[in-house]
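Scroll down for the structure; my scribbles are underneath it.
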Amino acid sequence: KSYTAYEFLKRLTFTERAAVRTAAETDADVADFLMFAEFAQEIQTNDPVTIQGMDYLVSVGILTQQRRDEIMS
């Protein structure tokens with residue numbers, strides 16, 4: 001699937017978006033993914049950068065695997 005940056009980020013809850021922004025202040029990997037997500041013309045769920053970023057958000061506890069899968073579907 002393909003989303004605009006706005007559409008993709010809206011798939012996250014307010015709390016999830018806040019957690020990403022907070023983590024981005026101290027975690028360069030989260031900050032990098034957030035930058036890509038905010039500036040992308042479109043976000044494709046099968047893109048390696050998207051997959052890696054979302055998997056990283058799971059690994060640091062920002063998202064559960066279930067939420068990651070819901071957002072990516």
Side-chain angles (χ1 to χ4, degrees):
K1 293 196 172 207
S2 180
Y3 300 98
T4 66
Y6 178 77
E7 291 168 335
F8 185 78
L9 291 171
K10 274 195 65 172
R11 295 180 67 75
L12 281 75
T13 66
F14 172 82
T15 302
E16 291 165 345
R17 289 191 307 271
V20 169
R21 287 191 305 272
T22 299
E25 294 175 7
T26 57
D27 186 322
D29 291 324
V30 175
D32 194 50
F33 179 62
L34 180 59
M35 182 190 68
F36 277 115
E38 290 176 330
F39 290 105
Q41 294 286 329
E42 71 177 10
I43 297 173
Q44 297 181 357
T45 58
N46 65 348
D47 182 273
V49 172
T50 305
I51 294 167
Q52 182 180 12
M54 293 296 285
D55 288 347
Y56 186 73
L57 295 181
V58 171
S59 76
V60 296
I62 294 173
L63 297 175
T64 65
Q65 184 67 44
Q66 179 181 351
R67 278 296 294 144
R68 177 232 181 258
D69 294 345
E70 290 171 4
I71 294 163
M72 297 287 278
S73 67

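Count residues from 1 along the sequence.
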Sorted by chain and residue number, the side-chain hydrogen bond (donor to acceptor under 3.5 Å, both in side chains) partners of Q65 (sequence neighbours excluded) come out as D69
Report the residues that fulfil side-chain contact (heavy atoms from CB on, under 4.5 Å) with A37, sequence neighbours left out, ordered by chain and then residue number.
-> L9, I43
Can you see which heavy atom on A5 is nearest to which on A40, and at what distance?
-> CB-O, 3.7 Å
Hey, what do you get for CZ (F36) to CG (D47), rounding to the nearest 0.5 Å?
-> 9.5 Å
CD1 of I71 to CG of L57, rounded to nearest 0.5 Å, is 8.0 Å
Rounded to the nearest 0.5 angstrom, the CD-CG distance for Q52 and D32 is 9.0 Å
Identify each donor-acceptor pair in which a side-chain atom of residues 18-27 lies under 3.5 Å from a protein atom, sequence neighbours left out, and give them as a table.
| from | atom 1 | to | atom 2 | distance (Å) |
| --- | --- | --- | --- | --- |
| T22 | OG1 | A18 | O | 3.0 |
| D27 | OD1 | D29 | N | 2.9 |
| D27 | OD1 | V30 | N | 3.2 |
| D27 | OD1 | Y56 | OH | 3.3 |
| D27 | OD2 | Y56 | OH | 2.7 |

Quick check: does any side chain N or O of T50 sit under 3.5 Å from a backbone N or O of Q44, one acting as donor and the other as acceptor?
-> yes
What's the shortest heavy-atom distance between V58 and R68, and which atoms?
-> CG2-CB, 3.6 Å
Between CD on residue E38 and OH on residue Y6, distance to nearest 0.5 Å = 14.0 Å
Mind checking whether V49 and F8 sit in one hydrophobic cluster, side chains of I, L, V, M, F, W, Y counted as touching below 4.5 Å?
-> no
Interatomic distance, CZ@R11 vs OG@S73, rounded to 0.5 Å, equals 5.5 Å
Sequence neighbours excluded, which residues qualify as side-chain hydrogen bond (donor to acceptor under 3.5 Å, both in side chains) partners of R17?
-> none
Can you list every salt bridge (charged side-chain N to carboxylate O under 4.0 Å, His left out) pair that touches residues 58-67, not counting sequence neighbours?
-> E16-R67, R67-E70
List in chain and number order the residues that pass salt bridge (charged side-chain N to carboxylate O under 4.0 Å, His left out) with E42, two or more places apart in sequence or in another chain; answer none if no residue qualifies.
-> none
Shared hydrophobic cluster, L63 / V60 (ILVMFWY, side-chain heavy atoms < 4.5 Å) | yes
